[in-house]
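Okay, structure first, notes after.
Predicted model only: the values in this text are computed from it and were never measured. All ligand and atom numbering here is 1-based and tracks the order in the structure.
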Amino acid sequence: MIRLFFDCDTGIDDSVALLYLLARRDVDVVGIASTAGNVPVDVVTSNNLAWLELCGRTDVPVHVGSPTPLEAELMTTEDTHGPLGVGYAELPAATVSPSAVDAADAWIEASAAHPGELIGVVTGPLTSLATAIRRDPALPGRLARLVIMGGAFHVHGNTTPTSEWNVAVDPEAAAEVFAAFGGEAVGPPIVCPLDLTESVALSPDHLVLLAAAAGSNPVECPDPTDDPGLRSVADNVVIRHLVDALRFYFEFHHAHDEGYLAHLHDPFAVMVALAPDIVETVPARVDVELTGRFTRGMTVADERSMTGEPNARIATATDVDAVFDDLIETVGGFARIVARSDNPGIIDRLRDDSVP
Ligand code: RIB
Ligand code: CA
């Protein structure tokens, strides 16, 4: 089993990433850290708990992070992800509670329980991980791999002209995490920046393939001429909520002249965490601007060792078609199983290879 710790600010694309992780029978999601970002931390936590319960996976512990970044005031983006962070989806409220262990301690405990084996992936601000490293500076050396969705190096930012959302929410945390990695003892994280993640653009046609893979009916193809907020009537519960979530994301990108599409930053990052060979990377020293009037939150990549040794590997290329083939097959197949399971025993069904 691949042991993985997932730190997110769920979020629409974080939701797709979570479903992908739950769908992977070879992955043990040791824990989920809820970090404030797209929406406040209590909403992130509720979303994580709700998706897990919907999928029969209340065995996965959810940990609550700080309500605020290390120093900055909290910035959220309900206009991008919806009032509750999952677009138009109305997830059934979870009946289970989060763990009493907070997100930072959960990072520490998970890495101590699986030293040299645990893969960490962060698809939200780095607040929880930075807090964990402040509490236990030896944490980075215990991780087998760290993948971060964040940063923008040679493309326009999506939060300011020079900054990407996850870094912009908590620049101090990002700076502290990058400073903690690199060198002999601690392998450099793989960074998945907007430069690459914006090429992982889900279209309505991909949703059609996903619904078909799940055996969901009717197969729906959202369209920019649809009434805004049109709700899905798909009979597959996972597909129904996913379509409602992603339609909001389609409408947001369309309204910002980026096309009727959805950038799947976070599922891509978790796929890289599980299969780093799907990306080409370049070594670089990454630092974060903290004081620039116009550039605060900018990630600066030194690819020529002018300012120090590399502390990161920046993902620069991938086979996007192969990414979508994997995503659709994996999440579609999982949605099919979830829809057929009417009991919390889905965990066994997932691991029972006899299930067609
Ligand atoms: O900039 C994109 C990132 O910010 C994604 O992780 C998205 O979910 C938001 O957190
Ligand atoms: Ca995210």
Heteroatom test (N, O or S) for T123 near the Ca ion (ligand 2), limit 3.0 Å
yes
Taking 3.0 Å as the cut-off, does an N/O/S atom of D13 lie below it from the Ca ion (ligand 2)?
no
Of all the N, O or S atoms in D266, which has the shortest distance to the Ca ion (ligand 2)?
OD2
What is the name of the N/O/S atom in D9 that sits closest to the Ca ion (ligand 2)?
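This residue's closest N, O or S atom turns out to be OD1.
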Identity and distance of the protein heavy atom lying nearest [atom]:
{"atom": "atom 8 (O) of ligand 1", "value": "D13 OD1, 2.5 Å"}
{"atom": "atom 6 (O) of ligand 1", "value": "D266 OD1, 2.6 Å"}
{"atom": "atom 1 (O) of ligand 1", "value": "E164 OE2, 2.6 Å"}

Location of contacts on [X] toward ligand 1, heavy atoms closer than 4.0 Å:
{"X": "D14", "value": "side chain"}
{"X": "T159", "value": "neither"}
{"X": "T197", "value": "neither"}

So is T123 polar-close to ligand 1, meaning N/O to N/O under 3.5 Å?
yes
Any N/O pair Y249/ligand 1 closer than 3.5 Å
no
T77 and N38: side-chain hydrogen bond (donor to acceptor under 3.5 Å, both in side chains), yes or no, with the steps?
CA-CA 5 Å; T77 180; N38 288 324; 5.8 Å; no
Would you please test R142 and D136 for side chain to side chain contact (heavy atoms under 4.5 Å, CB included) and show each step?
CA-CA 11 Å; R142 293 198 296 265; D136 182 357; 2.7 Å; yes
Say whether, by atom type as modelled, one donor and one acceptor occur between the side chain of [X] and the main chain of [Y] under 3.5 angstrom.
{"X": "D244", "Y": "R231", "value": "no"}
{"X": "D302", "Y": "S305", "value": "yes"}
{"X": "D235", "Y": "N217", "value": "yes"}

Need the ligand 1 atom indices (1-based, order shown) with element for anything under 4.0 Å from a heavy-atom of [X].
{"X": "W165", "answer": "1 (O), 4 (O), 9 (C), 10 (O)"}
{"X": "D9", "answer": "8 (O), 10 (O)"}
{"X": "N166", "answer": "3 (C), 4 (O), 5 (C), 6 (O), 9 (C), 10 (O)"}
{"X": "M149", "answer": "2 (C), 3 (C), 5 (C), 6 (O)"}

Heavy-atom closest pair, residues I239 and A234
CG2-CB, 4.1 Å
Same cluster for L210 and M271 if Ile/Leu/Val/Met/Phe/Trp/Tyr side chains link at under 4.5 Å?
yes
Is it true that H81 lies under 4.0 Å from ligand 1, counting heavy atoms only?
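H81 counts as a contact of ligand 1 under the 4.0 Å cut-off.
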Can you spot which of N166, D9, T127, D7 makes a side-chain hydrogen bond (donor to acceptor under 3.5 Å, both in side chains) with T35?
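That would be D7.
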Show every salt bridge (charged side-chain N to carboxylate O under 4.0 Å, His left out) that has at least one partner inside residues 10-23, sequence neighbours left out.
none
Partners meeting salt bridge (Lys or Arg N to Asp or Glu O under 4.0 Å) with E289 (sequence neighbours left out):
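Here no residue qualifies.
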What do the steps show when you test Y249 against H253 for ring pair (Phe, Tyr, Trp, His ring centres under 6.0 Å), and what is the final call?
CA-CA 6 Å; Y249 224 15; H253 288 90; 4.7 Å; yes
